[in-house]
Amino acid sequence: MPIIASAKKQLRQNKKRRARNDNFRELYRETRVAFEKAIKANDLDTAKSIFVNQKNAEGKTVKAGLQAIIDKLVKKNIIHKNNGARKKAKFVKMMKAIS
């Protein structure tokens, strides 16, 4: 355990950041798994709706799509921008393969 005050503060900051990053990663994992299930089932419409932002009847965004989640991970420096671009390209390629 840290003894110096600045080290204690750093530990608190690390815990907060880790919790925030874990939350975003879990959101990405859940969405990715749903997307991959739709791809395996050859359901292009569901896969597209999961990949892009999902909207309700009034046109408001209800749930962020896989693409938006990846962009958010890049923006918050959880993953590198090239890693995010590679993931998005891979998912688009998967959708094109079943269409």
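Only a predicted model underlies this, so the values are computations on that prediction, with no experimental measurement involved.
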* **Residues in ring pair (Phe, Tyr, Trp, His ring centres under 6.0 Å) contact with Tyr28, at least two apart in sequence or another chain** => none
* Structure fact -> Residue pairs passing the salt bridge (Lys or Arg N to Asp or Glu O under 4.0 Å) test with at least one member in residues 70-89, sequence neighbours excluded, are Asp71-Lys88
* Structure fact -> Residue pairs meeting salt bridge (Lys or Arg N to Asp or Glu O under 4.0 Å), one or both in residues 33-50, sequence neighbours left out, come to Arg32-Glu36
* Asked: Which residue pairs pass the salt bridge (Lys or Arg N to Asp or Glu O under 4.0 Å) test when at least one of the two sits in residues 17-29, sequence neighbours left out?
  -> Arg18-Asp22, Asp22-Arg25, Glu26-Arg29
* Asked: Hey, any chance Val33 and Leu27 share a hydrophobic cluster, counting ILVMFWY side chains that come within less than 4.5 Å of each other, even indirectly?
  -> no
* Which pair of non-hydrogen atoms, one from Ala64 and one from Ile69, has the smallest distance, and what is that distance? -> O-CD1, 3.9 Å
* Check whether any side-chain heavy atom of Phe35 lies under 4.5 Å from a side-chain heavy atom of Thr46, and answer yes or no. => no
* To do: Apply side-chain contact (heavy atoms from CB on, under 4.5 Å) to Ile4 and list each qualifying residue two or more places apart in sequence or on a separate chain.
  => Ser6, Ala7
* If you look at every heavy atom in Ala38 and Ile50, which pair is closest and at what distance? -> CB-CD1, 4.5 Å
* To do: Kindly state each residue pair satisfying salt bridge (Lys or Arg N to Asp or Glu O under 4.0 Å) with at least one member in residues 3-12, sequence neighbours excluded.
  => none
* Asked: Considering only heavy atoms from C-beta outward, does the side chain of Ile70 approach that of Phe91 to under 4.5 Å?
  -> yes
* Nearest-0.5 Å distance, CD1 of residue Ile39 to CG of residue Leu44 -> 7.0 Å
* **Test item: His80 and Val74 side chains (from C-beta on) under 4.5 Å apart, heavy atoms** => no
* To do: Quick one: pull up CD1 in Ile98 and CG in Asn42 and give me the separation to the nearest 0.5 Å.
  => 5.5 Å
